[in-house]
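Any value given below was found using the heavy atoms of this structure, including those in side chains, with hydrogens, waters and symmetry copies removed.
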Amino acid sequence: MAGPARPLEPITGDAVVLVNELIRLAVAQRASDIHLEPKHDRMHVRMRVDGALVDVQPIALSVAPNVASRVKVLAKMDIAERRLPQDGQIAIEVEPGKRVHLRASTFPSSQGEKVVLRVLSSQQIIPFDNLGLEDHARTTLRDVLRRPQGFVVTSGPTGAGKTSTLYALMQLIDPHEVNVVTLEDPIEVELYGLTQGQVNVRAGFTFATGLRAILRQDPDVILVGEMRDAETAGIAMQAALTGHLVLSTLHTSDTVETIVRLVDLGVEPWIVANALSAVLAQRLVRIACPHCKRPSRLERDLWDGDDLLLPAGSEVVRTQGCERCMRTGYRGRTGIFEVVEFDDDLRDLVKAKAPARAYREIYLRRRIPSLRRAGMQKIQSGVTTVDEVLRVT
C-alpha cells in the first residue's frame, strides 16, 4: 500500500475558507470524522475514511488557533474557554441546496486544543440487500423478521456497522402495519413511520426505564440500541417471549460469545433459550479500489484455526493506492457476517449453560461459516484483500 510521496506542506489562509474547504473535502471523500490535532510546528489534519485515518494537508501554526476558533463559533461554543472540553452542533451549507450537519468536540491538550468533527450526514441507510450478506443468511433473516415475536441480536466491536444493520433490518418491516418503537443513544438516522426515543441518562431516561415505558405503548416491534446491563437484557427478552419482535446489539466478538454473554448477564438460561431467534456477528472490510487493484497470488496458506481456507498460490487481488482512493488502496466498505438461526439443539445448550466449545462443535457439524470464512468469499470474488480480512477477523 503506497503512502504519500513526500510530506505535505502546511497551508495558510483565511480560517473561514479553510474550515469550509475541509468540510467540503470530507463530504466528497465520504469521511465520517475530521481530526484537527495541534502539534509543535503545525496543525495535523486527518480524516477517517472507510474506518481508517488518512492524512490530508496540514494547517500552518500561524492560522491554527483561528481555525479552532472558527469551529467553536459555528458550534456555538465559548471561544474564550480553552481549558475545558466542549461540545456543539454545526449545520453548514457546503454548496447551494446541500446542508451538512456535524457534531463538534474540543479537547485541551499539551500542544493546544484538539478539535474533532463528526459528519452526521454521512450516516445513510444502507439497503438490506447491500449489507454484504450471503444469499442463505439473507433468506434466514427475512424468515426470522416475518415472525410476530423473537429476539434478534447483532454483535461486533465499536464501528463494525451494527446500527446500520439494525436500520437495514427495519426496512424489512412495514411500519404501516405494525407499531415500531426504538430506543437509541444517539438517534443516528431519522426513520419515517417509526417512533424513535433518545436515551437521556442525566434525566433518568435509561435503556431499562425507556424499555419499560415502550411496553406500555402497545408495540409490535422494538429496537433497543444496545444491551448495556442485565436489567435491559432481561426486560428485552421477556418482551420477546410475550409477543414482541425485539432487535438489539451487543459488544461481543462472535455469535458464540454473544450467547454466552447473555446467559452471564444473569438472565435465566431458559428465557435466553426461548427468546433468541437469530444471532449475528459482523465486521466491516474495506473494498479494494477498482482503479488500482491488481491480480496477485497468495504467498502462504490462509487458515481459520485448523481449517484451510485458501492454499498458497490461489488467485487474489492486491491494491497499490492511487489518487482516487487517497492512496489507501480501498474505497468504500462492505460487511462480512456470521448468522446463526436458533433451533432446539442450541436451546438445549443454553439451558444447560454449556461452554463455548460445545457451540463451536455444533457450528462445525453444520458448516456455519465463521467471520473469516465469510471474508474468504469476499477475497475469492475480488471484493477485498487478504490483509483486510485478517485485519478485522
Side-chain angles (χ1 to χ4, degrees), residues 51 131-141 144 152-157 159-162 165 250-264 276-288 293 295-319 329-330 333-350 352-393:
L131 285 174
L133 287 155
E134 300 302 322
D135 291 343
H136 179 70
R138 278 209 300 268
T139 304
T140 298
L141 288 173
V144 165
V152 179
V153 59
T154 180
S155 63
K162 299 186 296 296
T165 297
L250 203 62
H251 283 287
T252 43
S253 63
D254 61 15
T255 57
V256 171
E257 196 181 311
T258 301
I259 299 163
V260 173
R261 174 74 62 83
L262 286 170
V263 175
D264 287 348
L276 277 174
S277 304
V279 183
L280 291 76
Q282 67 180 88
R283 299 289 187 276
L284 289 177
V285 291
R286 292 179 293 170
I287 297 169
K293 71 177 180 182
S296 180
R297 295 278 175 189
L298 193 60
E299 292 170 6
R300 59 174 74 91
D301 294 343
L302 176 62
W303 294 83
D304 181 19
D306 297 328
D307 194 10
L308 177 63
L309 299 182
L310 277 177
S314 299
E315 197 168 295
V316 294
V317 295
R318 289 200 188 284
T319 58
Y330 301 93
R333 289 190 289 179
T334 187
I336 55 173
F337 294 84
E338 181 180 84
V339 178
V340 179
E341 184 179 9
F342 248 62
D343 61 12
D344 291 340
D345 289 344
L346 289 172
R347 288 191 181 96
D348 289 342
L349 290 182
V350 173
K353 286 193 170 183
R357 184 180 64 256
Y359 293 99
R360 298 196 197 281
E361 285 169 2
I362 283 188
Y363 283 20
L364 205 60
R365 286 204 304 273
R366 294 191 186 164
R367 308 293 295 167
I368 293 171
S370 64
L371 283 165
R372 185 164 287 186
R373 183 168 278 282
M376 183 202 68
Q377 293 166 349
K378 295 276 193 287
I379 293 167
Q380 286 179 305
S381 56
V383 171
T384 191
T385 63
V386 173
D387 291 343
E388 185 64 8
V389 170
L390 293 178
R391 180 180 71 85
V392 300
T393 61

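Put simply, CD on Gln282 and OG on Ser155 are 7.5 Å apart, with the number rounded to the nearest 0.5 Å. Arg300 CZ to Ser314 OG: the interatomic distance, rounded to the nearest 0.5 Å, is 13.5 Å. Of the inter-residue distances, the one linking Leu250 atom CG with Leu280 atom CG reads 12.5 Å to the nearest 0.5 angstrom.
Under the rule for a salt bridge (charged side-chain N to carboxylate O under 4.0 Å, His left out), the partners of Arg297 that lie at least two apart in sequence or sit in another chain are Glu315. In this structure, the side chain to side chain contact (heavy atoms under 4.5 Å, CB included) partners of Thr139, at least two apart in sequence or on a different chain, are Asp143. Partners of Thr385 under the side-chain hydrogen bond (donor to acceptor under 3.5 Å, both in side chains) rule, at least two apart in sequence or in another chain, are Tyr330. In this structure Arg261 satisfies the salt bridge (charged side-chain N to carboxylate O under 4.0 Å, His left out) test together with Glu257, sequence neighbours excluded. Every residue two or more places apart in sequence or in another chain was checked for a side-chain hydrogen bond (donor to acceptor under 3.5 Å, both in side chains) with Thr140, and none qualifies. Take Arg357 and apply the side chain to side chain contact (heavy atoms under 4.5 Å, CB included) test, not counting sequence neighbours, and it matches Pro355, Glu361.
Across all non-hydrogen atoms, the minimal contact from Thr319 to Ala288 is CG2-CB, 3.7 Å. When all heavy atoms are compared, the tightest approach of Ala358 to Ala354 is CB-CB, 4.0 Å. Here the closest heavy-atom approach between residue Val152 and residue Ser277 is recorded as CG2-CB, 4.4 Å. Scanning both residues, Leu284 and Gly161, for their nearest heavy atoms gives CD1-N, 3.9 Å. The minimum heavy-atom distance between Ala281 and Ser253, with the atom names listed, is CB-O, 4.2 Å.
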### Task
Begin with the C-alpha distance, continue with both residues' side-chain angles, and end with the deciding distance and a verdict on side-chain contact (heavy atoms from CB on, under 4.5 Å) for Val392 and Leu371.
CA-CA 9 Å; Val392 300; Leu371 283 165; over 6 Å; no
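A donor-acceptor distance shorter than 3.5 angstrom exists from the side chain of Lys162 to the backbone of Pro157, with no hydrogens or angles considered. Between the side chain of Glu388 and the backbone N or O of Arg286 there is at least one donor-acceptor pair closer than 3.5 Å. In this structure a side-chain-to-backbone donor-acceptor pair under 3.5 Å is missing from Arg318 to Val386. A donor-acceptor contact shorter than 3.5 Å is absent between the side chain of Arg283 and the backbone of Val389.
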Side-chain donor/acceptor pairs under 3.5 Å, residues 131-138, sequence neighbours excluded:
{"from": "Asp135", "atom 1": "OD1", "to": "Arg138", "atom 2": "NH2", "distance (Å)": "2.7"}
{"from": "Arg138", "atom 1": "NH1", "to": "Leu133", "atom 2": "O", "distance (Å)": "3.0"}

When the side chains of residues 334-344 are checked against the rest of the protein, which donor-acceptor pairs come out under 3.5 Å, sequence neighbours left out?
{"from": "Glu338", "atom 1": "OE1", "to": "Thr255", "atom 2": "N", "distance (Å)": "3.1"}
{"from": "Glu338", "atom 1": "OE1", "to": "Thr255", "atom 2": "OG1", "distance (Å)": "2.5"}
{"from": "Glu341", "atom 1": "OE2", "to": "Arg147", "atom 2": "NH2", "distance (Å)": "2.5"}
{"from": "Asp343", "atom 1": "OD1", "to": "Asp345", "atom 2": "N", "distance (Å)": "3.3"}
{"from": "Asp343", "atom 1": "OD1", "to": "Leu346", "atom 2": "N", "distance (Å)": "3.1"}
{"from": "Asp343", "atom 1": "OD2", "to": "Arg366", "atom 2": "NH1", "distance (Å)": "2.6"}
{"from": "Asp343", "atom 1": "OD2", "to": "Arg366", "atom 2": "NH2", "distance (Å)": "2.7"}

Between side-chain atoms of residues 304-311 and protein atoms elsewhere (two or more places apart, or another chain), which donor-acceptor pairs fall under 3.5 Å?
{"from": "Asp304", "atom 1": "OD2", "to": "Ser370", "atom 2": "OG", "distance (Å)": "2.5"}
{"from": "Asp307", "atom 1": "OD1", "to": "Arg373", "atom 2": "NH2", "distance (Å)": "3.4"}
{"from": "Asp307", "atom 1": "OD2", "to": "Arg373", "atom 2": "NH2", "distance (Å)": "2.7"}

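Here Arg360 pairs with Asp254 in a salt bridge; the nearest charged N to carboxylate O distance falls below 4.0 Å.
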